[in-house]
Amino acid sequence: MSRARSGGARARPPIRMFRNFSSKLAAIPMVLVGLGVFVGGTIWTIVHSFTDSRLLPRLRWVGFDQYERLWNTRRWLVSIENLAVYGIVSLVLTMCLGFLLAALLDRKIRYEDTFRTIFLYPFALSFIVTGLVWQWILNPEFGIQSIVRGLGFSGFNFDPLYNPDLVIIGLLIAGLWQGTGLIMVIMLAGLRGIDEDIWKATRVDGIPVWKTYVIVIIPMMKPVFVTALVLVTSGIVKLYDLVVAMTSGGPGIASEVPAKYVYDTLFTRQNLGQGFAASTMMLVTVAIILIPWAYMQFREKRQ
Amino acid sequence: MKKTLALLASTSLISVGSAAFAVDLEVTHWWTSGGEAAAVAEFARLFNENTEHTWVDGAIAGSGGTARPIMIGRITGGDPMGATQFNHGRQAEELVEAGLMLDLTDLAEAEGWRDFVNPTSLLDSCTLDGRIYCVPINIHSWQWLWLSHKAYEDAGVPVPTNWDEFVAAAPALEEAGKIPLAMGGQPWQSTGAFGVMSIALAGREAWEAVHIDHNAEVAAGPEYARVFEAAAQARSFAARSNVQDWNQATNLVITGQAGGQIMGDWAQGEFQVAGLVAGEDYSCLPGLGVNEIISTGGDAFYFPKVNNPEVEAAQLELASLMISQEAQVAFNLKKGSLPVRGDIDLTAANECMQKGLEILATGAILPDLNQTFSPDTGGQIDDLMVEFWNDPNFSAEEAQRLYAEIIASAD
């Protein structure tokens, strides 16, 4: 049918708008949803972040007051710091561990399927379940600490969730345990996509295996790394449920994260203006990371 | 006839059309623990027995913080329930201002609510521009120090009768391996305990200046400095209490592992369930034994507006029933809270509840934090308190400075 259409189009000069008409028609609902829900919702949120809306949205302007208050709020500053620490450490560690595990599995080992299943399994659990499980494991009364003490090391102390300085490590352990498997599988798929001949060629040239990985394989896997990076980063920015399940932001406010601040201000504290200001700041943060990356991608394509 | 109808309605198969004015009224609330559910069941029973309408229970699990966003979402989203719980105070203020709640003024005037509701401040909380929009149903007070007799016997010191004795006895408890003060890690518990200490130690005038006039100078002044110092001291007493929920902390007191806990009168239910007797196994000190004043928080019911005269009639009937003498006695004995009517007799209440009733009768009462601060200001204080109580390096002076800043911008 499309052939017949293009045949007809040859007779008359094609009108640009109607080129690929059916695919454009099919895209209309998606475009409308995109514009209406995402762009419209974003603009609505940003506009209301300059008002003093409380429980219900209303347009009474207060300028940058909400932002001023936000950046003077200790809890928000702690949240940003936590997200930065969690984000950087978990980004680096998931990528490294994910690749390492994938490379090890790719060495044609025995029981590969079994190991792959074991590593991927935590990903099948939600963050809430993951958080609860690790909350119990890290609980000093029932978990690791009491087991090690039971073995005779009575001085052993390991209670990250009750120590404001260490609580972020507790979150990281749970986050890595849950997320590394997925990255490993993606990396493994990338490694399987590498032509066997490349391995043969490097072997003929006598290049050591680790060097082959670093200078040949990893550059070849760039698209896989980008995919993994996007998945991990988006997971970090929306970090919320893990914190709620493991610590509810405690001890004190030591493990608060921005998404939790937004939720609490919007819904339990009935301060829409403040919540919108915080969510706008989250959007700006994401944009700051995303725009240079998009720009780089775009420039590469043009070259 | 009535029984058959009730039976049919309870199976939910026959719609309301079968009886001319019978309505299925959905009532949402967050009472899900054992004692709470038993108390609200009294309302449901009385409503189903005394009217031809049916109570449809809409309990939302997970405490008020979880339930309120759901309730507000339903009301503002155009799917209102028949009636809903909120705490006394300003949680529903904007919903009332937006005209989403049913005006109960005519009913209240016809039944003379203002004559028997005690304290009348409860009704004031329901009032906006002279119109009444909610039914107060109970009074809960925060200002109690619960003490374990066993813990003090084990440590070999007498049970304290006020806060200063409690502080003096703390080292002896520490030596005996007990936790002097049990404290859960949730933010509202930190704020609550601080509120109790401020009424008891700063005194009534300073408290009123800060909470009613929002006077930041008083909040930064010497009366409050004393409160913050005492709070820092209490923080060190509670350092080893590694629990989260309030009832786990209460359990530390019940089992004698901890000396005391600052908690509202709902803690009493836990002592009762554990079979402990007030005055023998545990004592309660209202106002920390220093200033015997209680705050009058609690719960109220609001009735969202629906464009249906039949439902509206049922809502008014429920409102009238909730504040009736019969329902007040039945509900509050199960709930462990004090009734909102000054004209009923509660001889069945135990020693601690009687103390509360006596204080209520003398009029030594103050409004609850929910009545004096908006949820936003309350939330800011929560954040400050939970950080202060959990970080031993957070100095009392610094906390007081930040507290005064919040009060300066409070609403």
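For clarity, every value in this text was computed on a predicted model and none was experimentally measured. Reminder, nothing fancy here: chain letters follow the sequence lines and each chain counts from 1. The figures here come from the full heavy-atom set of this structure, side chains too, leaving out hydrogens, waters and symmetry mates.
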Query - Sequence-distant partners of B/Asp391, salt bridge (Lys or Arg N to Asp or Glu O under 4.0 Å), two or more places apart - result: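 So B/Asp391 forms no salt bridge (Lys or Arg N to Asp or Glu O under 4.0 Å) with any residue.
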
**Report entry** Inter-residue atom distance B/Leu100.CG - A/Leu56.CG, 0.5 Å rounding
**Finding:**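 Spacing of CG (B/Leu100) from CG (A/Leu56) equals 7.0 Å.
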
Verify the neighbour count for atom [atom1] of [X]: are there more than 12 heavy atoms of other residues, nucleotides or ligands below 6.0 Å?
{"X": "B/Glu398", "atom1": "CD", "result": "yes"}
{"X": "B/Phe394", "atom1": "CZ", "result": "yes"}
{"X": "A/Phe156", "atom1": "CZ", "result": "yes"}

What part of [X] gets closer than 4.5 Å to chain A, counting heavy atoms only: side chain, backbone, both or neither?
{"X": "B/Gln380", "result": "both"}
{"X": "B/Leu384", "result": "neither"}
{"X": "B/Phe388", "result": "neither"}
{"X": "B/Ser409", "result": "neither"}

Query - Test side-chain contact (heavy atoms from CB on, under 4.5 Å) applied to A/Glu256 and B/Val386, step by step - result: CA-CA 12 Å; A/Glu256 290 287 347; B/Val386 74; over 6 Å; no

Query raised in the report: Is there side-chain contact between B/Leu402 and A/Arg74, with heavy atoms separated by less than 4.5 Å?
Result: yes

**Report entry** Minimum side-chain heavy-atom gap B/Glu405-A/Asn72 below 4.5 Å
**Finding:**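 No. Closest side-chain heavy atoms not under 4.5 Å.
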
Looking only at heavy atoms, which two atoms of [X] and [Y] are closest? And how far apart?
{"X": "B/Asn390", "Y": "A/Pro164", "result": "O-CG, 4.4 Å"}
{"X": "A/Ile253", "Y": "B/Asp383", "result": "CG2-O, 3.9 Å"}
{"X": "B/Pro69", "Y": "A/Thr268", "result": "CG-CG2, 4.5 Å"}

Requested in this report: With a 4.5 angstrom heavy-atom cut-off, could you sort out which part of A/Arg54 is near chain B: side chain, backbone, both or neither?
Outcome: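 Both backbone and side chain.
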
Report task. May I ask you to decide if B/Pro375's main-chain N or O and A/Gln270's side chain share a donor-acceptor pair within less than 3.5 Å? Result -> no

Query raised in the report: What residue, out of B/Gly378, B/Gly379, B/Gly73, has the most heavy-atom pairs lying under 4.5 Å from chain A?
Result: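 Most heavy-atom pairs under 4.5 Å with chain A: B/Gly379.
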
Requested in this report: Not counting sequence neighbours, list each pair that qualifies as a side chain to side chain donor-acceptor pair (under 3.5 Å) and has a residue in residues 146-166 of chain A.
Outcome: A/Arg149-A/Asn157

